[in-house]
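Report on the structure given below.
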Amino acid sequence: MKILVTGGLGFIGSHVVVELQNEGFEVVIIDNLSNSSEKVLDGITAITGKQAIFEKMDLRDKDKVQDFFKRHHDVLGVIHFAASKAVGESVEKPLLYYENNLNTLIYILQELSKKESSHFIFSSSCTVYGQADTLPITESAPIKVAESPYGNTKQIGEEIIKDTCKILNNLNAIALRYFNPIGAHETAKIGELPIGVPQNLVPFITQTGIGLRDQLSVFGDDYPTEDGTCIRDYIHVVDLAKAHVAALKRLIDGKNQTNYEIFNVGTGKGSSVLEVINAFEEVSKQKLNYKIVGRREGDIISAYADTKKANEVLGWRAESSLNDALLSAWNWEKKIRE
Ligand code: UD1
């Protein structure tokens, strides 16, 4: 039961490695450490008591990818996280994003196509829906024109997998469209490690809470929502990690209805930016310094998942509340600043 997790030392990847090991899978991690650290391995082992095999590798090197699959011919499934994810940077460096996020996907699928049977989980995003016309967002909501090269790589990535599955019966794939992953492992041994100034809301909040940043800027309070701030579906990263294990088991057990399936992974509950701030103040028992500023370009107003398909077909459900997730993020922030 050997599973390859690419990008397995990253934020979501590391939490998935833990859940896989907890379920008895043997894990091999490939990571190029471009946005992660080898120390994450120690955190994983401290939680599970198990050692993952780690290979530092850049998946853009096709020869190395081929060589890896020759050496690990017993890989039963692949969960593919390795990708660049900064929206702003993708606008500045589109070719880097297309190369990094798409070439690596193609090389892995080429190797999987040589196997008698293979199982593949793709890390996609609710960003493919853009501003959906109807909420909550179901998997059949139309895909909107991507706002950034990053978002486009998720759309094209899904297309590549869909087209490949059409002609390869031995390839079974699931794309998981994540809403907004936040939080950290409850042990505070692994979590999010943003490099530089965080672009995402929750790490910016916790860094402001700890005194690393002066003030959080809330991007706009004149949106057509109840309190005027944008609404997102914040999901605890451990719940998200468990969805990957459920998806992988579905494929391994042959329970999938078609060889390419898509699931939304969210809580189904939308929270506004001000609600997130209030919840953070509640769990951290301190006031957060913030001010309302202008809107951020490219932000959508509101997005939250219809989770019916994931709940009923995948047999998975998000269990943690927003407060649970924020408390774990806060405990992690305090731990890494010790
Ligand atoms: C962002 C990415 C999305 C990616 C997701 C991963 C953009 C435009 N989109 O989504 O492609 O899949 O992260 O989690 O970057 N906010 C503030 N102040 C801040 C930071 C954020 O008010 O300093 C607000 C934003 O306006 C937004 C909400 O917080 O309403 C969430 O923002 P963020 O965490 O960046 O996530 P998304 O924009 O949803």
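Both counts, for ligands and for their atoms, begin at 1 and track the order of listing.
Using a 3.5 Å distance cut-off with no hydrogens or angles, the side chains of N323 and S321 do not pair a donor with an acceptor.
Under the 4.0 Å criterion applied to side-chain N and carboxylate O atoms, E333 and R337 are assigned as salt-bridge partners. Taking a cutoff of 4.0 Å between a charged side-chain nitrogen and a carboxylate oxygen, D58 and R60 qualify as a salt bridge. Between E338 and K335 there is no salt bridge, since none of the side-chain N atoms of the basic residue sits less than 4.0 Å from a carboxylate O of the acidic one.
The 4.0 Å heavy-atom shell around ligand 1 contains residues V87, S125, T127, Y150, N180, P181, Q199, N200, L201, L216, S217, V218, F219, C230, R232, Y234, V273, R296, D299, ordered by chain and number.
Taking the six-membered ring where the residue is Trp, H15 and F11 present perpendicular rings, their angle passing 60° and hence far from 30°. Note: F81 and Y178 have tilted aromatic rings, judged against thresholds of 30 and 60 degrees for the angle between ring planes.
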